[in-house]
Amino acid sequence: MWILPSLLNKYGILGMNRRNVSYISRYNIRSRYPLVDDKLKTKLLAEKFKLSTPKLRGVIKYQYETAYFPKIVENLDGFAVKPAKGSGGKGILVIKGRQDGLFVKSSGQTITIDDIKRHLSNILAGLYSLSGVPDSVIIEDLIHPSEMFEKLSYDGVPDIRFIVFKGYPVMAMLRLSTRASDGKANLHQGAVGVGLDISSGKGLHAIQHSRRVEKHPDTGLVLDQIQVPDWKNLLLLSAKSYEMTKLGYIGADLVVDKTYGAMLLELNARPGLSIQAANGAGLLPRLEAIEHIDPDLYFTPEERVEFSMNTFNSDFKGLPR
Amino acid sequence: MNSKITFYLLIAGLIISGLCLAWHRHAYLKVPFIPGTEKSVWLVEARIDFTASANPVRVSLDLPDHPPGFRQVSEQAASTGYGFSILENAEGRRAEWTKRNTKGRQTIYYKIQMIEDPDEKSSKIINKNPKAQKVYWDLLQTVAAHQIIDQAYEKSSTPASFARELSRILTSPEPDQNASLLLSEYNIVHLLMRLINHAGIPARISMGLELEDARRYQPLKPVIEIFQENQWTAIDPKTGILGLPDNILLWHREGRSILDVTGGKDSEIRFSMLKQTLPAMDLARLQFNDRISRLNLYSLPIEEQSVFKLLLLLPVGALIVTFMRIIIGIRTSGTFMPVLIALSFLQTQLIQGITAFVSIVVLGLMLRGYLSKLNLLMVARISTLIVLVIFLTSVISVIGYELGFQLGLTLTFFPMIIIAWTIERMSILWEEEGSREVFIQGLGSLCVAIIAYVCMNMDIIRHLTFNFPEIHLIILAFILMMGQYTGYKLTELHRFGVIKKDF
């Protein structure tokens with residue numbers, strides 16, 4: 001389905017060119033990109049700022065260290081292996097348990113320790129990193145999604161993407177993996193995106209493959225009746241990531257763990273734009289509303305979340321366009 | 001806002017300077033805008049025959065020197081065993097052939113290429129006024145001449161109008177007694193010259209060549225020139241109007257001899273001519289060789305020139321990729337890989353190129369599938385791929401050659417390392433995002449490559465980028481402008497089409 005550019009502009013849809021020129025390059029300081037591009041740095045920083053994040057179990061930086069891998073995961077049933085500089089969920093291996101000396105992937109497939117070691121050397125060689133530079137491996141605790149989320153997703157952990165502009169959460173989307181997306185919460189690969197009302201955490205619309213859907217294609221759950229629990233805490237955690245990174249326009253990926261509650265998974269300095277399609281709303285009016293707040297004043301994360309929740313409800317229209 | 005203004009000033013400056021430089025090159029150095037433009041050139045050959053008498057021989061021929069209405073392109077002399085040089089002095093140009101000892105019938109050729117150019121004026125300004133020649137008549141003729149001069153003088157005001165009146169009297173269908181008397185003695189050109197000189201206006205006879213395609217053994221024809229406004233100007237003896245008919249090439253202008261032969265006799269000069277068409281580009285190069293080469297790449301050795309010809313096409317490719325990605329929003333694998341592929345298509349031709357490229361990538365992907373099972377480190381894996389790609393290329397070349405396709409050696413122009421990387425990235429993409437994304441990006445890359453190829457293969461673009469290097473300033477301006485584009489991409493109009501329902 002096609003739409004006129006004048007209509008897109010009227011609805012305040014942010015396009016990629018405008019995002020890059022007017023927001024990313026204007027509000028994000030280049031020198032601070034490594035803080036979000038390198039997940040290890042993000043993690044250490046989050047621990048410093050006391051933001052809750054999955055516990056770090058080990059880091060592998062050199063090829064010879066892969067030999068110590070079995071020792072690192074000795075006492076862990078489930079764990080996640082991630083490339084520190086990966087993008088778009090590439091190279092993430094989730095092991096949810098063991099079975100007869102083999103490792104069970106989140107999809108239920110079993111793999112050997114040698115398979116994992118090969119994966120480790122691929123990561124170290126830079127296969128999944130942004131520009132092919134040598135990378136390091138992060139091994140962290142597995143996330144146990146809360147029951148409500150468990151039901152929602154076909155396979156894998158659903159996460160919530162927030163667009164955080166100058167510390168204000170402006171838009172949110174729940175990402176649910178599907179059979180088509182192979183357990184990954186990546187919209188490109190066919191995950192379902194559910195737009196969330198910032199003021200309440202309720203589901204608004206949902207899309208899959210840039211098309212509107214009413215129900216989850218695999219679990220059959222009606223998507224616009226979702227209510228995300230612990231909503232205010234999630235907003236607060238996403239807002240705090242601004243103090244941590246000082247980056248003006250970021251995407252914050254959060255999960256809700258059964259025992260630990262809201263957790264910061266990773267940050268992204270170039271967040272995608274499909275979130276607008278899932279919300280059925282444009283980012284521009286919200287971004288402009290924030291841009292009108294006097295930059296000399298400082299507001300605490302709590303105050304900012306309060307502002308966002310009061311402002312960005314379903315009635316929000318923004319300035320006339 | 002201020003930086004915005006400087007930015008647009010910069011853009012405007014780039015475009016204007018690009019256009020001005022290109023216009024200058026076109027207007028003053030005659031480099032054509034359109035490739036394959038042809039201009040007609042007169043090739044005139046003078047043939048001198050004489051009999052040498054075993055003495056040192058010197059042949060001196062008067063040469064055209066900036067004849068009005070023509071521009072000289074090139075000249076050459078052909079004569080075996082003769083020393084040859086062109087002597088230039090204030091009076092004009094002469095060709096001189098010399099030989100110590102020769103005998104018998106001799107033939108010497110001199111060739112000159114001239115191009116018609118109405119703007120070309122005889123630029124020689126003479127500050128010292130020449131004197132009119134003294135002319136002598138017999139008694140009857142004196143009376144007749146005086147009467148004719150009086151008649152014409154009455155009806156004229158300037159040397160030019162005087163000459164015109166004279167020629168009207170002499171060429172009238174029923175000439176009066178005086179005119180008939182004088183015409184019975186002299187031919188009209190000589191008579192006019194004498195009468196004008198008699199009236200105290202300097203006039204002289206020059207020799208011109210009537211240019212007609214494919215004529216042989218033409219003699220020079222006398223042309224009358226009068227002196228006015230510090231210049232010798234030819235007049236048409238039939239009408240007396242100033243200026244020459246377009247097809248008359250003034251060969252010989254001073255009062256000196258046309259041809260001097262010392263050490264020979266029975267000399268004779270005849271002219272043949274031919275109208276040729278030459279590419280305007282070659283002509284510009286022939287005429288302004290030194291001036292052009294200072295400003296561009298013609299001074300480089302031919303081999304380097306052809307490298308630059310390709311290099312200067314790259315900005316066009318870059319412009320297309322920028323447009324396709326920013327305005328259209330096509331996804332490609334590797335930003336500038338399509339340009340490099342297009343560049344190699346230029347060498348291989350499109351169909352063969354696409355066939356070979358697709359088969360190399362598909363076979364490479366299959367081999368890569370096996371490689372991923374081998375648990376290799378990445379650098380080693382890509383190196384392996386490079387070797388395999390080179391191997392595949394040679395196999396395809398050989399098979400193609402055996403089947404009779406002239407694909408053969410041109411395949412070596414493929415950027416092997418880039419292809420190896422492309423295969424690697426596509427294979428990762430396949431594992432990570434599925435086959436759909438591979439097809440989208442693969443097709444996107446191929447589309448952009450084909451569009452870039454079509455543009456870079458257009459004669460006019462190849463011609464402009466190489467002969468007008470300043471065009472690249474304009475391309476640069478366009479790329480910079482697109483860098484500031486904040487509007488929607490074409491593909492986004494589809495991507496966000498789903499929004500329509502919500503409003």
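Quick note on labels: first sequence line is chain A, next is B, and so on, each numbered from 1.
Within the 4.5 Å cutoff, no side-chain heavy atoms of Asn17(A) are placed close to those of Arg325(B).
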Could you check Ser210(A) against His494(B) for side-chain contact (heavy atoms from CB on, under 4.5 Å), going step by step and ending with a plain yes or no? CA-CA 9 Å; Ser210(A) 298; His494(B) 181 252; over 6 Å; no
Run the numbers on Leu4(A) and Leu493(B) for side-chain contact (heavy atoms from CB on, under 4.5 Å), then give the verdict. CA-CA 7 Å; Leu4(A) 284 173; Leu493(B) 300 184; over 6 Å; no
For side-chain contact (heavy atoms from CB on, under 4.5 Å), just list the numbers for Val498(B) and Arg211(A), CA-CA rounded to whole Å, side-chain angles, deciding distance to a tenth of an Å, and then say yes or no. CA-CA 6 Å; Val498(B) 66; Arg211(A) 269 187 294 272; 5.8 Å; no
Going through the distances and angles, do Arg19(A) and Thr486(B) end up as a side-chain contact (heavy atoms from CB on, under 4.5 Å)? CA-CA 8 Å; Arg19(A) 177 198 71 178; Thr486(B) 55; over 6 Å; no
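Counting non-hydrogen atoms of other residues, nucleotides and ligands closer than 6.0 Å to CZ of Phe391(B) gives a total of 12 or fewer. The number of heavy atoms from other shown groups lying within 6.0 Å of CZ (Phe478(B)) does not exceed 12. In Ile417(B), the CD1 atom is not crowded: 12 or fewer heavy atoms of neighbouring residues, nucleotides or ligands sit closer than 6.0 Å.
Phe496(B) and Leu8(A) get closest at one heavy-atom pair: CB-CD2, 3.7 Å.
Between the Glu492(B) side chain and the Met16(A) main chain, a donor and an acceptor come within less than 3.5 Å of each other.
In this structure, chain A has no heavy atom under 4.5 Å from any part of Arg425(B).
Considering only heavy-atom pairs separated by less than 4.5 Å from chain B, the leading option among Leu273(A), Val21(A), Leu204(A), Leu7(A) is Leu273(A).
Across Leu14(A), Ile3(A), Asn9(A), a single residue satisfies side chain to side chain contact (heavy atoms under 4.5 Å, CB included) together with Tyr488(B), and that is Asn9(A).
Distance check: Arg18(A) CZ to Lys489(B) NZ gives 15.0 Å after rounding to the nearest 0.5 Å.
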